[in-house]
Amino acid sequence: MSRSSKVVLGLSVLLTAATVVGVHLKQRQDQQRLRDGVIRDIERQNRKKENIRLLGEQIILTEQLEAEREKILLEKGSQKT
């Protein structure tokens, strides 16, 4: 084999290896980003569920407070008469 053929072959092997390594690293990076995105989505869903639960509690407490206020106003009204 001539010297120039050996150089071309060596460069081809080197570029092929670099391409394979580059693709492998890119896939690994994409998988990590996807995993991070899934984790963020799960955390967001959990926060949403918690917020909905807290909102339900606040609605119940608000209704109770309004009922107590109404009761107090009715008692005050009946005491005046």
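If you read the sequence from its start, that first residue is 1, and numbering goes on from there.
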What's in the same ILVMFWY side-chain cluster as [X], cut-off under 4.5 Å, chained through other members?
| X | result |
| --- | --- |
| Met1 | Leu9, Val13 |
| Val38 | Ile42 |
| Leu11 | Val7 |
| Leu14 | none |

Exercise for the section: With sequence neighbours left out, write down each residue that passes side-chain hydrogen bond (donor to acceptor under 3.5 Å, both in side chains) with Gln31, or none if nothing qualifies. Expected result: none
Give the table of side-chain donor-acceptor pairs shorter than 3.5 Å for residues 19-29, with sequence neighbours excluded, one pair per line with atom names and distance.
residue : atom : partner : partner atom : Å
Thr19   : OG1  : Leu15   : O            : 2.8
Lys26   : NZ   : Asp30   : OD1          : 3.3

Can you name the salt bridge (charged side-chain N to carboxylate O under 4.0 Å, His left out) partners of [X], sequence neighbours left out?
| X | result |
| --- | --- |
| Glu70 | none |
| Asp36 | none |
| Arg40 | none |

Practice task
Identify, with sequence neighbours excluded, every residue that meets side chain to side chain contact (heavy atoms under 4.5 Å, CB included) alongside Arg3.
Solution key: none
Handout entry: Qualifying residues under side chain to side chain contact (heavy atoms under 4.5 Å, CB included), relative to Ser12, sequence neighbours excluded
Key =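 Result, side chain to side chain contact (heavy atoms under 4.5 Å, CB included) vs Ser12: Val8.
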Atom pairs and distances, side-chain donor-acceptor, residues 59-68, under 3.5 Å, sequence neighbours left out:
residue : atom : partner : partner atom : Å
Thr62   : OG1  : Gln58   : O            : 2.7

Problem - Contact check, side chains of Glu43 and Arg47, non-hydrogen atoms, under 4.5 Å - result: yes
Handout entry: CA sep, side-chain torsions, deciding dist, call: Glu75, Lys71, side-chain contact (heavy atoms from CB on, under 4.5 Å)
Key = CA-CA 6 Å; Glu75 288 175 358; Lys71 182 180 173 184; 3.4 Å; yes
